[in-house]
Amino acid sequence: MKRLLLVVIAVLYASVARASPIVFTANLSGLNENPVTPSLGTGLATVILDPVAQTLQMIVTFSGLTSNTVAAHIHCCLPAPLSPNNVGVATTVPAFPGFPLGVTAGTYSSPVFDLTQPLIYNPAFITLQGSLPQAEAALIAGIMNSETYLNIHTVMFGGGEIRGILTPAAAPAPVPEPATLSLLGLGIGGLIAARRRRT
């Protein structure tokens, strides 16, 4: 009986966890560039990917750049997870819509991008992948497999001044929704009632 109860709890808990968006982060620095830059600039990118809803949202903060920003985007897809290589630009060029350009420090909070629409993509990335659905699948897989990096380009470092590979964030345990907790309570109550009837 205890085993059955644990299985029910695990299944319900796992279904709640899968329904949640996934958070990825990247620590942006010149040391992550290829080639490395001497920039003392730093930044943090948080990307929220929902592969079920097919959406992407991000918050990027940066400061201490050597010169003004001219571009910012996600590059995809590295040949292996956490690879130091350079790859093509997957998202909008030169920068995400509304990203602060012409500054050495700033914060960017994006709208929720619909990954089924072309607005978020570099047209060359769509062409390279063969179609919009294939570009979406490649970007999602690249983010989930740590094969993408967010890069901020500046006047002094046109190839990129600071960047970081997107990796899964250490997330707290998901909080079940009230309806899930109610179902769990009913299931546990039913198991207890069935056990009492047997004895």
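Residue numbers start at 1 and run along the sequence shown.
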Asn27-Arg163 side chain donor-acceptor pair, cut-off 3.5 Å: no
Main-chain N/O of Leu115 paired with Gln54 side-chain donor or acceptor, under 3.5 Å: no
Donor-acceptor pair, side chain of Ser63 and main chain of Ala105, under 3.5 angstrom: no
Hydrophobic cluster identity match, Val112 and Leu119, side-chain contacts under 4.5 Å: no
Residue pair Asn68 / Thr104, side-chain heavy-atom distance below 4.5 Å: yes
Verdict with supporting geometry, Leu78 and Thr148, side chain to side chain contact (heavy atoms under 4.5 Å, CB included): CA-CA 6 Å; Leu78 294 168; Thr148 58; over 6 Å; no
is_close_aromatic(Phe113, Tyr121), centroid dist under 6.0 Å: no
Heavy-atom pair with the smallest gap, counting every atom of Gly159 and Asn151: O-ND2, 3.5 Å
Main-chain N/O of Pro84 paired to Asn34 side chain as donor or acceptor, under 3.5 Å: yes
Exceeds 12 heavy-atom contacts within 6.0 angstrom, atom CG of Leu40: no
Separation between OH of Tyr149 and CG of Asn85, rounded to the nearest 0.5 Å: 8.5 Å
Positive for side chain to side chain contact (heavy atoms under 4.5 Å, CB included) with Leu28, one of Thr61, Leu44, Val60: Val60
Closest non-hydrogen atom pair, Ile162 against Gly43: CD1-N, 4.1 Å
Donor on one side chain, acceptor on other, Glu161 and Ser39, under 3.5 Å: yes
Least distance between heavy atoms, Ala71 atom then Leu101 atom: N-CD2, 3.7 Å
Geometric class of the His73/His153 ring pair [parallel <30°, tilted 30-60°, perpendicular >60°]: tilted
Whether Thr37 side chain and Glu33 backbone form a donor-acceptor pair below 3.5 Å: no
CG on Leu56 to CE on Met58, rounded to 0.5 Å: 4.5 Å
Closest non-hydrogen atom pair, Ala90 against Phe125: CA-CG, 3.6 Å
Joint cluster assignment, Leu139 & Phe96, ILVMFWY side-chain distance < 4.5 Å: yes
Distance-minimising heavy-atom pair for Ala138 and Cys77: O-SG, 3.6 Å
Hydrophobic cluster membership, Ile22 vs Val47, 4.5 Å side-chain cutoff: yes
Expected output: side-chain Thr91 to main-chain Ile74 donor-acceptor under 3.5 Å: yes
Residue pair Leu132 / Pro118, side-chain heavy-atom distance below 4.5 Å: yes
Reported SG-to-CD distance for the pair Cys76 and Glu147, which is rounded to 0.5 angstrom: 7.0 Å
Interatomic distance, Thr167 atom OG1 to Ile143 atom CD1 [nearest 0.5 angstrom]: 12.0 Å
Connected via hydrophobic side-chain network under 4.5 Å: Ile165 and Phe157: no
Validation row: Thr25, Leu166 side chains within 4.5 angstrom (heavy atoms): no
Distance in Å, Glu136 CD paired with Gln117 CD, rounded so as to fall on 0.5 Å steps: 9.5 Å
Hydrophobic cluster membership, Leu150 vs Ile48, 4.5 Å side-chain cutoff: no
Side chain proximity check, Phe62 to Thr42, heavy atoms < 4.5 angstrom: no
Closest non-hydrogen atom pair between Pro79 and Val87, with its separation: CD-CG1, 4.4 Å
Beyond-backbone contact of Pro97 with Pro111, side-chain heavy atoms, under 4.5 angstrom: no
Side-chain heavy atoms of His75 within contact of Asn86, under 4.5 Å: no
Straight-line distance of Thr107 OG1 to Ile59 CD1, nearest 0.5 Å: 9.5 Å
